[in-house]
Amino acid sequence: MRSDAIKKGPGRASHRSLLYALGLSESEMKKPFIGVVNSFNEIVPGHIHLRTLTDAVKAGIRNAGGVPFEFPAIAVCDGIAMNHAGMKYSLISRDVIADSIEIMMMAHQFDAVVFIPSCDKVIPGMLMAAARLDVPSIFVTGGPMLPGKVSHDRVGLGNVFEAVGAHAAGKINDAQLTAMEMSACPTCGSCSGMYTANTMACLTEAMGLALPGSGTIPAVYSDRIRLAKMTGEKIMDLYESGVTALDIMTPAALRNALRMDMALGGSTNSVLHMLAIAREAGYSLTLDEINQISGATPQLCKLNPASDHYISDLNEKGGLRAVMTELTKGNHIELDALTVSGPLQDRLTGTFGADGIIIRRIDNPYSVDGGLAVLKGNLALNGCVVKKGAVLPEMMQHEGPARVYDSEEEVAEAIFGGQINPGDVIVVRFEGPKGGPGMREMLTPTSALAGMGLDNSVALITDGRFSGASRGASIGHVCPEAAVGGLIAYVQEGDRIRIDIPARTIELLVPAEVLAMRQPALQPDRNLRGVLNRYQSQVIASSVGARLRRHGKEDES
């Protein structure tokens, strides 16, 4: 047992004395010590219920003969952090979470670990930690909230952001906006659509690190409490068999997760996170490989914000096993991948595939290629990402004049001030990993455009990010970013930009000789302090995951 390093032999008498101070018995001292990482807090709706799940996990561990030790992880609510300085800290929290878990696990020499996350950066942060630590590991996420209801329509958080835009355009009144905000988030859990939190929860199950149902069972269902208890029991099986995180997080498993991402039409943020997670697992995943997977994987689901279907609907139709079973009919899944409950092929045995509505059949997909696309061109030599499954058909190809802004605040003011016209291509720069710093999500501008009815005629391009709740021609992660001299720093008001999502291209239509005479726009003075200053100095490009540099100069191409 790894934990023998803190409890076995005469030389560990002082260590045992401290452990006895916790109230441990002598019999417990002989059992495996299991870390239980709980991201509970009282400000994030996705985490407010995690104490209940954690108690169930610990009960399962005790049932199976282990001794659980709970410790915390931080968590940021992206919805609450949106559209102000707080969003600069969201992506940063991913690496802080991974680092803090590494510290706790190594300092206390736990034999195995159960991760209990929810929400956007917490799940990938914990996945990065799992890969880095490579001990027996398993996840049970907090689960999605149920959709809300306004009048006869079901709604999610993204609809509230769009309602703000509709209100600004005079399309709805104060009472209608209030009804929306009071109804959209009716339960605890991660927001009800295929936003980043639920995307990453689904990908964790798809790569085999969680039991079936972890990605889709609603937060308020008793099924999730039972699942948490089963997860606690299962970690003891993994410990006894010696199966570690990297035994499961193989390239095949990570590719399976990406195929699930494409089939579901997940959040663009998943690309950023999977690049970082894969590298922690020793797999040099690239944007080109992700694009190849997207090009070969059909999109079988369209969930909010791309439709009025929700995660709870997917759960009722068989969840991820049903999607994965349907994908196997086209040989899109590597069935020999290992999961926490045995070979993936065994997990899918006896599972029905698509229902034909929530999950489309393999011969009648929403699209023959995946819900995410990587675009390249002179404006994004190293790539950028769009949630193509949530783009209107008329915006799949678009050309228009650039409207250039150097911050999210500037573009929000322009949109709400009625300064954006149909046909425009909004460019928001200096919001990248270094330029922000922190690569802010920008749900407010994209939702305002949709709420105002401009999502069918206006595109938005940025070196920052978009929320999983964003829809429309919202193209993020432009790399190289403006802060390191990417071409996006040279764009001027009125320049023509051409976007062709089917062709996977994005071009600034300005002659090279004209660009050669331009100077790049100047980085706004951020007057950075603390963690933002440290992050800006250490972060690497979004095309390789926007993670922190760890081993000297790393390849950022």
Side-chain angles (χ1 to χ4, degrees), residues 45-46 49-50 53 56 115-120 122-123 127 138-148 154 156-157 185-231 234 256-267 270 299-327 333 339-341 344 347-348 351-360 371 389 468-469:
H49 63 304
L50 293 188
L53 295 184
F115 296 95
I116 310 175
S118 191
C119 295
D120 299 43
V122 188
I123 300 173
L127 285 166
I138 192 170
F139 283 67
V140 58
T141 55
M145 68 170 61
L146 296 176
R154 295 190 302 168
L157 180 66
C185 298
T187 74
C188 62
S190 49
C191 295
S192 55
M194 187 50 74
Y195 310 160
T196 308
N198 289 324
T199 298
M200 293 310 302
C202 289
L203 300 197
T204 303
E205 180 183 334
M207 75 175 68
L209 273 173
L211 291 173
S214 182
T216 59
I217 295 173
V220 294
Y221 284 11
S222 57
D223 284 350
R224 186 155 289 275
I225 298 174
R226 279 190 290 275
L227 182 70
K229 194 172 294 183
M230 292 165 58
T231 298
K234 182 56 67 175
N256 282 342
L258 285 165
R259 293 180 185 112
M260 178 63 74
D261 199 4
M262 301 308 164
L264 294 174
S267 165
S270 62
Q299 184 175 357
L300 303 181
C301 300
K302 277 199 175 187
L303 304 172
N304 178 273
S307 78
D308 59 358
H309 299 155
Y310 289 83
I311 304 294
S312 53
D313 300 320
L314 177 61
N315 185 67
E316 290 174 6
K317 299 303 179 181
L320 302 186
R321 281 187 292 179
V323 179
M324 195 166 279
T325 296
E326 196 66 24
L327 287 173
I333 296 296
T339 77
V340 292
S341 53
L344 176 59
R347 179 178 285 197
L348 301 182
T351 302
F352 294 104
D355 70 312
I357 300 173
I358 305 300
I359 308 168
R360 285 200 175 182

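In this chain, numbering begins with 1 at the start of the sequence shown.
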Chemist: Do you know which two heavy atoms are closest between Cys191 and Leu157, and how far apart they sit?
Modeler: SG-CD2, 3.6 Å
Chemist: Does a side-chain heavy-atom distance below 4.5 Å link Pro147 with Asn304?
Modeler: no
Chemist: So how far is it from Ile217 CD1 to Leu227 CG, rounded to the nearest 0.5 Å?
Modeler: 5.0 Å
Chemist: Could you walk me through whether Leu211 and Val140 satisfy the side chain to side chain contact (heavy atoms under 4.5 Å, CB included) test, starting with their C-alpha distance in whole Å, then the side-chain angles of each, then the deciding distance to 0.1 Å, before giving a yes or no?
Modeler: CA-CA 7 Å; Leu211 291 173; Val140 58; over 6 Å; no
Chemist: Consider side-chain contact (heavy atoms from CB on, under 4.5 Å). Of Pro218, Ser312, Ser192, which one does Met145 pass it with?
Modeler: Ser192
Chemist: Can you see which heavy atom on Arg360 is nearest to which on Glu326, and at what distance?
Modeler: O-CG, 3.8 Å
Chemist: So, Arg224 side chain and Ser214 main chain: donor-acceptor pair closer than 3.5 Å or not?
Modeler: yes
Chemist: Do Leu320 and Leu314 touch side chain to side chain, with heavy atoms closer than 4.5 Å?
Modeler: yes
Chemist: Using the salt bridge (Lys or Arg N to Asp or Glu O under 4.0 Å) criterion, which residues pair with Asp223? Sequence neighbours excluded.
Modeler: Arg226
Chemist: Just by modelled atom types, is the Lys302 backbone N or O under 3.5 Å from a matching donor or acceptor in the Ser307 side chain?
Modeler: yes
Chemist: Looking only at heavy atoms, what is the nearest atom pair of Pro212 and Ser341, with distance?
Modeler: CD-OG, 4.4 Å
Chemist: Only counting residues at least two apart or in another chain, list the ones meeting side chain to side chain donor-acceptor pair (under 3.5 Å) with Arg259.
Modeler: Asn256, Glu334
Chemist: Could you list all the salt bridge (Lys or Arg N to Asp or Glu O under 4.0 Å) pairs where at least one residue sits in residues 197-219, not counting sequence neighbours?
Modeler: none
Chemist: How many angstroms lie between atom CD1 of Ile358 and atom OH of Tyr310, to the nearest 0.5 angstrom?
Modeler: 11.5 Å
Chemist: Ignoring hydrogens and geometry, is there a side-chain-to-backbone donor-acceptor pair from Thr196 to Asp120 under 3.5 Å?
Modeler: no
Chemist: With salt bridge (Lys or Arg N to Asp or Glu O under 4.0 Å) as the rule and sequence neighbours excluded, what pairs involving residues 308-319 come up?
Modeler: Arg154-Asp313
Chemist: Looking only at atom types and distance, does a side-chain atom of His49 sit under 3.5 Å from a main-chain N or O of Gly142, one as donor and one as acceptor?
Modeler: yes
Chemist: Can you tell me how far the CE atom of Met260 sits from the SG atom of Cys301, to the nearest 0.5 Å?
Modeler: 8.0 Å
Chemist: Considering non-hydrogen atoms only, spot the tightest contact between Arg347 and Arg321 and give its length.
Modeler: O-CD, 3.5 Å
Chemist: How long is the straight-line distance from CG of Leu146 back to OH of Tyr221, given to the nearest 0.5 Å?
Modeler: 5.5 Å
Chemist: Indicate the atoms forming the closest heavy-atom contact of Leu53 with Thr141, along with that distance.
Modeler: CD1-O, 3.9 Å
Chemist: With rounding to the nearest 0.5 angstrom, report the NZ to OG1 distance, Lys234 to Thr339.
Modeler: 8.0 Å
Chemist: Met324 versus Thr351: any side-chain heavy-atom pair under 4.5 Å?
Modeler: no
Chemist: I need the minimum non-hydrogen distance between Leu203 and Ser270, along with the two atoms involved.
Modeler: CD1-CB, 4.0 Å
Chemist: Applying ring pair (Phe, Tyr, Trp, His ring centres under 6.0 Å), name anything that partners Phe139, two or more places apart in sequence or on another chain.
Modeler: Phe115
Chemist: Hey, does Leu264 have a side-chain heavy atom less than 4.5 Å from the side chain of Thr199?
Modeler: no
Chemist: In chain order, what residues pass the side-chain contact (heavy atoms from CB on, under 4.5 Å) check against Ser190, with sequence neighbours excluded?
Modeler: Ser118, Pro144, Ala197, Asn198
Chemist: Taking atom CE of Met200 and atom CG of Asp261, what is their separation to the nearest 0.5 Å?
Modeler: 8.0 Å
Chemist: Verify side chain to side chain contact (heavy atoms under 4.5 Å, CB included) between Ile138 and Leu209, making sure each step is shown before the conclusion.
Modeler: CA-CA 5 Å; Ile138 192 170; Leu209 273 173; over 6 Å; no
